[in-house]
> 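One structure, pasted below without further comment.
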Amino acid sequence: MATTEHPPPGRLRAWMLEGLSDMGKGHAPKGAQAEKQPVDEGQPWYRVMCLTGVDYFSTLGYQPGIAALAAGLLSPIATIVLVIVTLAGALPVYRRVAEESPHGQGSIAMLERLLTFWKGKLFVLTLLGFAATDFLITITLSAADASTHLVENPHLNSALHDKQMVITLILVALLGAVFLKGFLEAIGVAFALVGVYLALNAVVVVSGLYHVVTEGHVVTDWTTALTAEHGNIFVMIGVALIVFPKLALGLSGFETGVAVMPHVKGEPGETEENPAGRIRDTKKLLTTAAVIMSCFLITTSFITTLLIPEKEFEPGGEANGRALAFLAHEYLGNAFGTVYDISTIAILWFAGASAMAGLLNLMPRYLPRYGMAPHWARAVRPMVIVFTLVAFLVTWIFDADVDAQGGAYATGVLVLISSAAIAVTIAARKAGQRNWFIGFAVISVVFLYTTVVNVVERPDGVKIGACFIAGIILISLLSRLMRAFELRVTSVTLDDMAERFVRDIASRKIRFIANEPDSRDKAEYRDKIEQIRQDNDLPEQEDFVFVEVTVTDPSEFEAGLTVRGQVMHNRYRVLTLESSSIPNALAALLLNVRDTTGCIPHIYFEWTEGTPFANFLRFFLFGQGEVAPVTREVLREAEPDRDRRPRVHTG
């Protein structure tokens, strides 16, 4: 609630803070207002699919090579296991997530509802850390792989062979520039890129399958080598089940598919309270993307494993990080290969768009609401600059190496999918859906196993995730500390009785007594008035209204305030409030009374026993503590003009 006038911001500041996050436009209002508010105009689901598809489909640029390195000759079989997990596991999970969280918050919002107070906030911050790992590594890994395709192109290799780091940083900077310009235009760009990229990949796949058929010995050579290495089909399947967690990059895209959900166009006239059309079309989006990607994963892993010599997948080999590009140049000529490289570079570069969209959707939804980020964190452009700078740092740390970032990326992807599986399992149980509960529980076990195996084999991923988590928690707590004395009540509403009390006392001097409710008997109110009169040397004829605040969830930061009036023991007028912080609630009430009556209110406290530091910690963590000086400090920050500031008295 604004209480002071501020000078108009400069042009640069106004441009930076223009509007809230585009990704947050699907935030659902509450109550009757939500029933009347129409859904924002969006895009058809297949166009939005291309936005998440620039992340999901672009993994074809490096997934076959990573699969070949991880599983060797078993790559096609391990990929089939991955596809089964995708279609029978991740897809049903995220279809349910879309149904339970239609405003783009994803599984994090579902799990947030299960926990309250600080443990819930810390849990969400931990998940946000893994989400940041997933999305930021998507940006840096995709840009690094795009630069790999550029550097390894036969026409450019000699000129660019030692420029990969610089090229990667330029691509990350260009992505940030796109989001500084505007986000919604990115959907049209993504639609064109995905269409061209999938068409070119289809040509490469058809060409590869043709050579597999015409060069029949490659199939015989592959099956012979498989039998010699693993014995029989059961051993092969067993080994494939063990190694498939290394292929987890192929599961990316589902979280961003839900994150961009607010941009899916719903049915005419539907509301944010019940966006049935958006939910239905998002399910179409997720299913179509998963089916298309599954077909490409199986066919590309098959042709790359059979047609590319194993040594070429190794670091330094011509197919490392660019297996399909290798086939495009090998079988379709350098002209087509160069066109394929250009398309791959473009979509890999733009793959960061869906990841950036995911970040811009998640972070402004949680951190500012928790008081764990500045106000400007709700605006798109400042956050784009922050994420771009962090992406620069990650790229420099990993030296723009695709293989080095794979572990961190897979860890972030798997933790988010596991959390989503657990969230929908709990949701199914609460809904009494026994069969769905059992099915989702099995899926959760599969993803938890996959996550644990990935963490054990590539611990660097969880270490990097831990760094992001520690950074987010540290910065969040520091931000909350810096904003401790900020007025954070968004609105104040008085019921009829409370308004009557305020109107009546405004005819005299407005005097409130802050009272901590205890037994609330007649003696409590009588003794409190007597104490306040003695401490402040007030005459007996002075009139008072009591104010009592009950702390609800002290970990919450922003909320509206509802004030209710009641008469206790047929004599004492009491205003009751519920808030996450006693000083903030009192300060907001005083400012509201001043603004509505035009009179300066007075409020009376007694000193709180205990050391100031301990009382401050009680206020910071539990919303209580040294109420009187904190209330005065909140008022001082909210109203710099002393003449207009409500008066605080302590005795």
Side-chain angles (χ1 to χ4, degrees), residues 52 54-63 65-66 128-152 160 163-180 186 190 248-253 255-256 259 315 320-322 344-360 362-363 383-416 454 458 460-472:
T52 186
V54 291
D55 172 20
Y56 197 20
F57 300 141
S58 70
T59 56
L60 292 171
Y62 47 83
Q63 172 74 9
I66 290 176
L128 287 176
F130 282 112
T133 304
D134 179 8
F135 293 142
L136 278 166
I137 297 295
T138 297
I139 294 171
T140 58
L141 185 147
S142 299
D145 199 49
S147 65
T148 299
H149 280 75
L150 192 63
V151 169
E152 295 296 332
L160 301 177
K163 303 290 194 303
Q164 183 161 349
M165 171 68 80
V166 175
I167 294 170
T168 303
L169 292 174
I170 291 173
L171 291 176
V172 171
L174 288 174
L175 181 70
V178 169
F179 278 82
L180 288 176
L249 293 180
L251 290 168
S252 69
E255 194 71 30
T256 50
N320 180 252
R322 57 186 301 275
T344 305
I345 291 165
I347 196 169
L348 281 168
W349 163 67
F350 211 65
S354 61
M356 185 73 82
L359 287 168
L360 293 174
L362 283 177
M363 299 303 175
M383 294 303 290
V384 169
I385 293 174
V386 170
F387 295 142
T388 302
L389 291 176
V390 175
F392 283 167
L393 178 62
V394 172
T395 299
W396 175 72
I397 291 173
F398 284 105
D399 197 28
D401 188 328
V402 175
D403 295 331
Q405 298 178 69
Y409 184 31
T411 300
V413 169
L414 287 171
V415 168
L416 290 180
N454 190 275
R458 293 189 280 186
D460 56 316
V462 77
K463 291 176 184 176
I464 295 163
C467 291
F468 277 109
I469 292 167
I472 286 177

> Can you measure from OG1 (Thr168) to CG (Leu141) and round to the nearest 0.5 angstrom?
10.0 Å

> For a quick test of reading the model, state the closest non-hydrogen atom pair linking Ala143 to Val172 and the distance between them.
CB-CG2, 3.8 Å

> Got a second to check how far Thr388's OG1 is from Leu174's CG, nearest 0.5 Å?
10.5 Å

> For residues Ser147 and Gln164, report the shortest heavy-atom separation together with the two atoms involved.
OG-CG, 3.2 Å

> Does Leu169 have any side-chain contact (heavy atoms from CB on, under 4.5 Å) partners at least two apart in sequence or in another chain, and if so, which?
Met165, Phe392, Thr395

> Sequence neighbours left out, what passes side-chain contact (heavy atoms from CB on, under 4.5 Å) with Ile397? Give chain and number order.
Leu393

> How close do Ala391 and Ile139 get, heavy atom to heavy atom, and via which atoms?
CB-CG2, 4.3 Å

